[in-house]
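Throughout, a chain's letter reflects where its sequence line sits, starting with A, and its residues are numbered from 1. For the numbers below, each heavy atom of this structure counts, side chains included, while hydrogens, waters and symmetry mates do not.
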4 protein chains.
Amino acid sequence: MTYSKAAGQAPGKRERLATAAAQVLHEQGVERTTLADIARAADVPVGNLYYYFKTKNQLVEAAIDAHARNLESMTAELDALPTPRERLKALLAGWVGQRELTVRFGCPTGTLAAELDKRTDGLDESVARLMRALIDWAEGQFREMGRADARELAVALIAAYQGISLLTNTLRDPDLMTAEGARLARWIDSLA
Amino acid sequence: MTYSKAAGQAPGKRERLATAAAQVLHEQGVERTTLADIARAADVPVGNLYYYFKTKNQLVEAAIDAHARNLESMTAELDALPTPRERLKALLAGWVGQRELTVRFGCPTGTLAAELDKRTDGLDESVARLMRALIDWAEGQFREMGRADARELAVALIAAYQGISLLTNTLRDPDLMTAEGARLARWIDSLA
Amino acid sequence: MTYSKAAGQAPGKRERLATAAAQVLHEQGVERTTLADIARAADVPVGNLYYYFKTKNQLVEAAIDAHARNLESMTAELDALPTPRERLKALLAGWVGQRELTVRFGCPTGTLAAELDKRTDGLDESVARLMRALIDWAEGQFREMGRADARELAVALIAAYQGISLLTNTLRDPDLMTAEGARLARWIDSLA
Amino acid sequence: MTYSKAAGQAPGKRERLATAAAQVLHEQGVERTTLADIARAADVPVGNLYYYFKTKNQLVEAAIDAHARNLESMTAELDALPTPRERLKALLAGWVGQRELTVRFGCPTGTLAAELDKRTDGLDESVARLMRALIDWAEGQFREMGRADARELAVALIAAYQGISLLTNTLRDPDLMTAEGARLARWIDSLA
DNA sequence: TATGAATGAGGGTTCATTCAT
DNA sequence: TATGAATGAACCCTCATTCAT
């Protein structure tokens, strides 16, 4: 009988805390989120957070990593699709599917990027890496489609997503995301 | 008859403070900007801010208004151009011209929108109004071009700008803005 | 009518706070003294301390300065005496006169020096300066007495005082200070 | 028959921990030393400390005891010398030999005494006992030399050491210890 | 005995806001 | 109007101590 880890232990507690942090930080913003908020969301005493993360910044960093893992698993799923065009359109579909969340809180990566840019600690670089990973993946798809301007197209695509996420959120209108998703799908289809 | 208010002192001081606030809030972000920062930037004692603004939120609101006035004067200038196509492309040129500022601090409107969305006070609505005004203007141009899908195109254009501003800022690369500006110009030219 | 500074003002409040801090820090030690302790002693709210001192360290530094001013005024008084021998013996008398305070809290300068030496911030240097000033003054007296080994004698004298202060304090016995004071007086008399 | 306690594990672990504690406490000061620091120095997990010491104070007490044992073994060695004068001068030589350590951290006993005096728990008495033991030993030597004022001389000697240790440490100058050591040696020689 | 994890009280610091003049 | 000073709530973080295994 091997399961059950006993009390006082926790196999992936660090990850659990990071996930909770990622969610709360997305919902409330980094600056407006207190450690007490995160602790409450994860149902642990505040002091305990410090056993796993020496500072709030480290917790934010861990949340970024959690987003990175999400991104990886998402692209891994998409990579199972046969053609790059299908993959890109599935990405769009995913975005549109999340539109209600976007209405309320914006794109998790984008809002982090916007907020963390004002910082001088290393956090801005961490989120930049995350954003780059997303662009890189899209670039790979466009390249596989034979486009020489793959990088530019990838940047344009991700920018379009970030921008429409911001508008969807600011104007509280999920239909913006739907319409832009459809437009981008047509655009992808139109590419040679 | 130029009825100046009261004792004639500080003829546009409120506006001066709002402008200073707008700049500092853009550079540092709302949450990371203290009233002391704004007071220093405007070269007034902290206590004096409260004579003009009862609360920090009111000051942020005033900064949003300052951005709104900027937007109005900008669109007024653009409206002097003969064709909507020229106007839109001049708008693009303006964005590209500001790319170094964008690298450092992002789009003033967009970063405000991203940050203020997390608030429950009325500030999110104020910035939404600002964003809507920009879209409305662009919609007017597309409509003048005879496009039935003018609203959708306007949203797409502003989204593209917001998105590329975010990427330019996050990745600290002004060339992203330049390239996307050129791409959007070609896109506008391609519209019937 | 010029006096009365009105409410909300305070002519030498910074100094008043520094003096209160100096006393509490002497009585309780730097590490064991909280800002709340100091605030209570000075009868101000904690937050108000930060209007005058940006950090606890600055408050400690100000307390050291207060001790320095005390030292200066003390040596200034002693300098009014006719001969260096009388001055040195008056210094001894002062120490002995303070023996009850020493029993309870030790020498203000010495205890600060002992505690602050463990620090890497600049505080250790500030207190070293204070200690050096005391030695310098004693050296001047011995030199005026014609001693070529004035520096060594000064160091020995101050060391003797610091040491007996520590013992007086540790063993809670004021008589130790009295006896050592008498012994040192005889020693000074014995010097050619 | 060497009755070792219990299961034979950790035959002197308590002592080992106390020794490690004594060193770290000397280097960093009591207040600035965390249990984690001590645990790291002794290479044991923090929780384990509590098996041997119920509280931080008990650990400090044990460290004081470790110093006491050091003192005993030192005086035992000195007692092997033929005359009290030689013993006292050997004591001085030992102090001078440790001057570099003193420059960095002060006298182990003296710094403990200075810090612990601010406490109301029994620790101040423990360190007073330690200090008294040192004075007692010196008193014995002076008495053996036939001095009626042995106690006073002993106090003066230990005070001189404590004082010069403080100055050596505060002013970061090992030569102070060397010079004062020589001076005290001459003084001892001068006693009838 | 040994240990990683948990806990919570308390400390230093920041800052929006208020107030007296 | 203008301003320096005052206030206190809230935040991040530390650390001695406890606990379950």
Side-chain angles (χ1 to χ4, degrees), chain A residues 4-11 13-14 31-39 44-59, chain B residues 5-10 13-14 31-39 44-60, chain C residues 4-11 13-14 31-39 43-60, chain D residues 5-10 13-14 31-39 44-60:
Chain A
S4 119
K5 260 293 195 170
Q9 300 287 74
K13 186 162 182 187
R14 219 189 114 95
E31 304 286 348
R32 295 182 76 81
T33 298
T34 73
L35 290 178
D37 290 334
I38 297 175
V44 297
V46 190
N48 195 22
L49 286 180
Y50 281 89
Y51 186 80
Y52 295 93
F53 305 96
K54 291 205 181 318
T55 120
K56 184 182 179 182
N57 270 10
Q58 280 192 17
L59 200 39
Chain B
K5 66 178 65 158
Q9 276 155 332
K13 187 162 181 185
R14 219 190 113 94
E31 303 288 347
R32 296 181 76 82
T33 299
T34 71
L35 290 180
D37 289 335
I38 296 176
V44 296
V46 192
N48 195 20
L49 285 182
Y50 277 88
Y51 184 80
Y52 295 94
F53 305 97
K54 290 213 176 316
T55 158
K56 183 181 180 183
N57 270 9
Q58 282 191 15
L59 199 39
V60 176
Chain C
S4 118
K5 260 295 195 166
Q9 300 289 73
K13 185 162 182 187
R14 218 190 115 95
E31 304 287 349
R32 295 182 76 81
T33 298
T34 72
L35 291 178
D37 290 335
I38 297 175
D43 198 36
V44 296
V46 191
N48 195 22
L49 286 180
Y50 280 89
Y51 186 80
Y52 295 93
F53 304 96
K54 292 205 183 315
T55 127
K56 184 182 179 182
N57 269 11
Q58 279 193 16
L59 200 39
V60 176
Chain D
K5 63 178 67 158
Q9 275 153 332
K13 186 162 181 187
R14 218 189 115 95
E31 303 288 348
R32 297 180 76 83
T33 298
T34 71
L35 290 181
D37 289 335
I38 296 176
V44 297
V46 192
N48 196 21
L49 285 181
Y50 277 88
Y51 185 80
Y52 295 94
F53 306 96
K54 289 214 176 314
T55 157
K56 182 181 180 182
N57 270 9
Q58 282 192 15
L59 198 41
V60 176

Taken to the nearest whole Å, CG/L49(B) to P/dC19(E) is 17 Å
Rounded to whole Å, the CG-C1' distance (L59(B) to dC15(E)) equals 14 Å
Of the listed dG4(F), dA6(F), dA2(F), the closest approach to the K13(C) side chain comes from dA6(F)
Rounded to whole Å, the CD-P distance (Q58(D) to dA16(F)) equals 15 Å
Of R32(B) and V44(A), the one whose nearest nucleotide on DNA chain E sits closer to the 5' end is V44(A)
Taken to the nearest 0.5 Å, the spacing of L35(A) CG from N48(A) CG works out to 12.0 Å
Between A36(D) and V46(D) the two heavy atoms that sit nearest each other are CA-CG2, 4.3 Å
Taking N or O atoms only and anything under 3.5 Å, show me the protein contacts with nucleotides 12-14 of chain E, one pair per line.
unit_1, atom_1, unit_2, atom_2, d
dG12(E), OP1, K56(C), NZ, 3.1
dG12(E), OP2, L35(C), N, 2.9
dT13(E), OP2, Y50(C), OH, 2.8
dT13(E), OP2, K56(C), N, 2.7
dT13(E), O5', Y50(C), OH, 3.2

Contact under 4.0 Å: Y51(C) side-chain N or O vs dA5(F) OP1/OP2 = yes
To the nearest 0.5 Å, atom CG of D37(D) lies from atom OG1 of T34(D) at 3.5 Å
For E31(C) and R32(D) the tightest heavy-atom approach is OE2-NH1, 2.9 Å
Rounded to whole Å, CG of N48(A) lies from P of dC19(F) at a distance of 16 Å
Nearest heavy-atom approach of A39(C) to P45(C) is CB-C, 4.2 Å
Atom CG of D37(D) and atom C1' of dA16(F) are separated, to the nearest Å, by 13 Å
The side-chain contact (heavy atoms from CB on, under 4.5 Å) partners of F53(B) (sequence neighbours excluded) come to R14(B), L17(B), Q58(B), L59(B), A62(B)
F53(B) atom CZ is separated from dT18(E) atom C1', nearest whole Å, by 18 Å
To the nearest angstrom, the CZ-P distance between R14(A) and dG4(E) comes to 17 Å
Pairs under 3.5 Å (Watson-Crick or G-U), crossing ones as [ ], inter-strand ones as |: DNA chain E comes out as .||||||||||||||||||||
In whole angstroms, the gap separating P of dT17(E) from OH of Y52(B) amounts to 19 Å
